[in-house]
Asker: 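Below are the structure tokens for one structure; questions will follow.
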There are 2 protein chains.
Amino acid sequence: MSSGEILNNIRRLRFNNGEMTQEQLAGKCSVTRQTIIAIEKGNYSPSLTLAFKIAKAFGVGVEDVFEFMD
Amino acid sequence: MSSGEILNNIRRLRFNNGEMTQEQLAGKCSVTRQTIIAIEKGNYSPSLTLAFKIAKAFGVGVEDVFEFMD
DNA sequence: ATATAATGTAAAATATATTTTACATTTAGT
DNA sequence: ACTAAATGTAAAATATATTTTACATTATAT
């Protein structure tokens, strides 16, 4: 899996959602803060399940959070 | 990751796309047929990267292929 | 009925995603 | 300047996704 193919707007969405912290987003998605950091930095591609949870936490669609560059 | 939370329309989309075989879809997504089978059956949640590749293979959005039930 | 194609099951090996734990650095508020 | 909060780095451990390999079953065409 090359996560370099996935870009994301997590940081911007966090800011626009009451300046949500990574910790808070992690809580909403039931994952660790480290996971959010890693995904936000594009260290690896998240599972689809987690991608959906992140999108839901922001009240948007998956493709509003993540973009596939191929 | 509980993949029970993700439903998909892969089989239907395969049928509607020239009756594409699992092998062909696997080829388009650069994964093994076994992976397609497992995902189609909901054995596990795919990586977001693969989800995007599958969606692209059908020329639709990720949320047209997968549905998050929570 | 036969042969081939497509789909399905299974398990070990391998690759990747996530967690745990710890510490460091930066940012924000006073 | 000080403190706490937020973010960041890192690596080992753990969990999950995918591959490899093999065989079985079902579907399709003749």
Side-chain angles (χ1 to χ4, degrees):
Chain A
M1 297 302 134
S2 168
S3 63
E5 298 176 4
I6 304 271
L7 299 181
N8 71 73
N9 304 308
I10 296 176
R11 199 174 186 97
R12 177 152 64 77
L13 286 164
R14 280 199 300 109
F15 183 80
N16 295 339
N17 276 269
E19 299 189 89
M20 196 189 293
T21 65
Q22 298 176 329
E23 188 78 62
Q24 290 174 322
L25 177 58
K28 285 174 177 291
C29 301
S30 300
V31 295
T32 64
R33 180 177 65 86
Q34 266 66 31
T35 298
I36 296 297
I37 293 173
I39 291 166
E40 196 166 291
K41 288 177 62 61
N43 288 354
Y44 52 72
S45 168
S47 69
L48 181 58
T49 300
L50 179 50
F52 267 121
K53 286 181 178 177
I54 291 172
K56 186 182 178 187
F58 293 129
V60 298
V62 169
E63 289 175 69
D64 292 312
V65 185
F66 302 96
E67 184 180 3
F68 183 52
M69 311 301 292
D70 62 299
Chain B
M1 298 301 127
S2 166
S3 62
E5 299 175 3
I6 304 271
L7 299 181
N8 70 75
N9 303 307
I10 296 176
R11 199 173 185 100
R12 179 153 61 80
L13 286 164
R14 281 199 299 112
F15 183 79
N16 294 339
N17 276 269
E19 299 191 274
M20 195 189 293
T21 66
Q22 296 177 329
E23 188 78 63
Q24 290 173 324
L25 178 57
K28 283 174 177 292
C29 301
S30 301
V31 295
T32 63
R33 182 179 63 88
Q34 265 67 31
T35 298
I36 296 298
I37 293 173
I39 291 167
E40 194 166 293
K41 288 178 64 61
N43 291 353
Y44 52 72
S45 169
S47 69
L48 181 58
T49 300
L50 180 50
F52 266 121
K53 287 180 176 177
I54 290 172
K56 186 183 177 187
F58 293 129
V60 299
V62 168
E63 287 174 71
D64 292 312
V65 184
F66 302 95
E67 184 177 3
F68 183 52
M69 312 300 295
D70 63 299

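Below, chains carry the letters A, B, ... as their sequence lines are ordered, and counting in each starts from 1. None of the values given here were measured: they were computed from a predicted structure. In what follows, every heavy atom counts, from backbone to side chain, and hydrogens, waters and symmetry copies are set aside.
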Asker: Hey, could you give me the CD/OG1 distance between B:Gln22 and B:Thr35, rounded to the nearest 0.5 Å?
Answerer: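 B:Gln22 atom CD to B:Thr35 atom OG1 measures 11.0 Å (nearest 0.5 Å).
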
Asker: Are any of A:Ser47's side-chain N or O atoms less than 4.0 Å away from OP1 or OP2 of C:dT18?
Answerer: yes

Asker: Please report the distance, rounded to the nearest Å, between CZ in B:Arg33 and C1' in C:dA5.
Answerer: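 Computing the B:Arg33:CZ to C:dA5:C1' distance gives 11 Å.
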
Asker: Just wondering, do A:Phe66 and B:Val62 contact through their side chains at under 4.5 Å, heavy atoms?
Answerer: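 No. Closest side-chain heavy atoms not under 4.5 Å.
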
Asker: So, taking the atom named SG in A:Cys29 and the one named CZ in A:Phe52, what distance separates them when rounded to the nearest 0.5 Å?
Answerer: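 A:Cys29 SG to A:Phe52 CZ: 13.0 Å, rounded to 0.5 Å.
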
Asker: Taking the side chain as every heavy atom from C-beta outward, state whether B:Arg14 and B:Leu25 have any pair of such atoms under 4.5 Å apart.
Answerer: yes

Asker: Any side-chain N or O of A:Thr32 less than 4.0 Å from the OP1 or OP2 oxygen of C:dT19?
Answerer: yes

Asker: Write down the distance between CG (B:Leu25) and C1' (D:dT18), rounded to a whole number of angstrom.
Answerer: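 For the pair B:Leu25 CG and D:dT18 C1', the rounded distance is 15 Å.
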
Asker: Do B:Glu40 and C:dT7 share a donor-acceptor pair, side chain to base, under 3.5 Å?
Answerer: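 Check fails, no donor-acceptor contact within cut-off.
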
Asker: On DNA chain D, compare the nucleotides closest to A:Gln24 and B:Thr35; which residue's is nearer the 5' end?
Answerer: A:Gln24

Asker: Mind checking whether A:Tyr44 and B:Thr49 have side chains closer than 4.5 Å, heavy atoms only?
Answerer: no

Asker: What is the distance from CG of B:Leu50 to P of C:dA15, rounded to the nearest Å?
Answerer: 17 Å

Asker: Report the distance from atom CD of B:Glu23 to atom P of C:dT4, rounded to the nearest whole Å.
Answerer: 17 Å

Asker: Whole-Å distance between C:dA28 P and A:Gln22 CD?
Answerer: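 To the nearest whole Å, that distance equals 13 Å.
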
Asker: Please report the distance, rounded to the nearest Å, between CD in B:Gln34 and C1' in C:dA12.
Answerer: 13 Å

Asker: Can you list, in residue-number order, the parts of residues 10-21 of chain A that come under 4.0 Å of DNA chain C, counting heavy atoms only?
Answerer: none

Asker: In whole angstroms, how far is the C1' atom of D:dT18 from the CD1 atom of B:Ile39?
Answerer: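 Taking CD1 of B:Ile39 and C1' of D:dT18, I get 8 Å after rounding.
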
Asker: Quick one: CE on A:Met69 to CD1 on A:Ile6, what's the gap to the nearest 0.5 Å?
Answerer: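 The CD1 atom of A:Ile6 is 10.5 Å from CE of A:Met69, to the nearest 0.5 Å.
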
Asker: Supply the atom-to-atom distance A:Ser47 OG to A:Ile39 CD1, rounded to the nearest 0.5 angstrom.
Answerer: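 So the gap between those two atoms works out to 7.5 Å.
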
Asker: Mind calculating the distance between CD1 (A:Ile36) and C1' (C:dA17) to the nearest angstrom?
Answerer: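 Rounded to the whole Å, the gap is 13 Å.
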
Asker: Which listed nucleotide (C:dG8, C:dT18, D:dT19) is nearest to the side chain of B:Tyr44?
Answerer: D:dT19

Asker: When you get a sec, tell me which of D:dA17, C:dT18, C:dT9 is the closest nucleotide to the side chain of B:Ile37?
Answerer: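 The answer is C:dT9, which lies nearest to the side chain.
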
Asker: For a quick test of reading the model: is some side-chain N or O of B:Lys41 closer than 4.0 Å to OP1 or OP2 of C:dT7?
Answerer: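 Answer is no, no contact under 4.0 Å.
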
